[in-house]
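Everything below concerns the one structure shown next.
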Amino acid sequence: MTTGDKQAEFKTEIKQWIKSHGLDYRWVAEQCGVSEITVRNWMSKKNIPPLKQQLLEKVMVQIPAQPETLPEDNIAGIKVTANLNLTIQLTPEHYTRLAERAQAQQTTPEAIVTQAIRELIDTTAQEAPAQLRNRKIILPDS
């Protein structure tokens with residue numbers, strides 16, 4: 001296998017890994033200490049420098065690829081991706097409702113979500129791991 005073939009194979013692995021974690025090139029750029037455009041260039045036409053490739057390989061080993069979400073965790077209009085980072089994507093309608101609730105409580109949407117997660121962690125700390133995997137954060141309707 002040529003060096004170019006190895007690079008192409010590694011780039012494919014990176015792209016799949018990024019997708020499986022709900023991450024993006026900006027996140028990869030931050031991990032490597034480069035710009036997002038540099039990462040985009042790596043992924044399209046340029047070779048990834050050996051030291052950066054080693055760094056990416058280490059990150060990929062430390063955070064193995066996992067499915068983004070399990071089907072039973074899907075809630076219409078809400079997408080949650082969680083590994084070591086937590087990403088919550090809301091439809092504009094859900095975000096508007098959350099923002100309205102935050103404004104009524106004189107806080108931010110992020111603070112409401114943070115508090116919901118904190119309460120979830122505090123109330124489930126004694127539960128078995130299988131129970132933790134099946135819990136969902138559902139914010140009440142306004």
Side-chain contact test, heavy atoms from C-beta onward, threshold under 4.5 Å: evaluate it for [X] versus [Y] and give yes or no.
{"X": "Val59", "Y": "Val28", "value": "no"}
{"X": "Met43", "Y": "Ile48", "value": "yes"}
{"X": "His94", "Y": "Arg97", "value": "yes"}
{"X": "Ile112", "Y": "Thr107", "value": "yes"}

query: For Glu57, does the CD atom sit with more than 12 other heavy atoms under 6.0 Å from it, leaving out its own atoms?
result: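 More than 12 heavy atoms, drawn from other residues, nucleotides or ligands, come within 6.0 Å of this atom.
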- prompt: Quick check: are there more than 12 heavy atoms from other residues, nucleotides or ligands sitting under 6.0 Å from NZ of Lys58?
  reply: no
Charged N-O contact under 4.0 Å between Glu36 and Arg40: yes
Passing candidate, side chain to side chain contact (heavy atoms under 4.5 Å, CB included) with Val39, options Asp24, Ile18, Ile14, Val34: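 Output: one option passes, namely Val34.
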- request: Indicate the atoms forming the closest heavy-atom contact of Ala99 with Pro109, along with that distance.
  value: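 So the minimum-distance heavy-atom pair works out to CA-CG, 3.9 Å.
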- prompt: Which heavy atom in Thr108 sits nearest to a heavy atom in Ala102, and how many Å separate them?
  reply: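 Nearest pair, atom of Thr108 first, then Ala102: C-CB, 3.4 Å.
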Audit row: Gln53, Trp42, side-chain contact (heavy atoms from CB on, under 4.5 Å) steps and yes/no: CA-CA 10 Å; Gln53 182 169 337; Trp42 291 344; over 6 Å; no
Between atom [atom1] of [X] and atom [atom2] of [Y], what is the distance when rounded to the nearest 0.5 Å?
{"X": "Asn41", "Y": "Tyr25", "atom1": "CG", "atom2": "OH", "answer": "11.0 Å"}
{"X": "Ile88", "Y": "Ile117", "atom1": "CD1", "atom2": "CD1", "answer": "5.0 Å"}
{"X": "Gln103", "Y": "Glu100", "atom1": "CD", "atom2": "CD", "answer": "8.0 Å"}
{"X": "Thr12", "Y": "Lys15", "atom1": "OG1", "atom2": "NZ", "answer": "6.0 Å"}
{"X": "Trp17", "Y": "Leu56", "atom1": "CH2", "atom2": "CG", "answer": "8.0 Å"}
{"X": "Gln7", "Y": "Glu9", "atom1": "CD", "atom2": "CD", "answer": "11.0 Å"}

- request: For side-chain contact (heavy atoms from CB on, under 4.5 Å), just list the numbers for Thr114 and Arg118, CA-CA rounded to whole Å, side-chain angles, deciding distance to a tenth of an Å, and then say yes or no.
  value: CA-CA 6 Å; Thr114 300; Arg118 186 174 295 125; 3.6 Å; yes
query: Under the side-chain contact (heavy atoms from CB on, under 4.5 Å) criterion, do Gln89 and Tyr95 qualify, and how do the steps go?
result: CA-CA 9 Å; Gln89 294 177 331; Tyr95 185 82; over 6 Å; no
- prompt: Where the side chain of Lys11 meets the backbone of Ser44, is there a donor-acceptor pair that is under 3.5 Å apart?
  reply: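 The answer is no, because no donor-acceptor pair under 3.5 Å joins these two groups.
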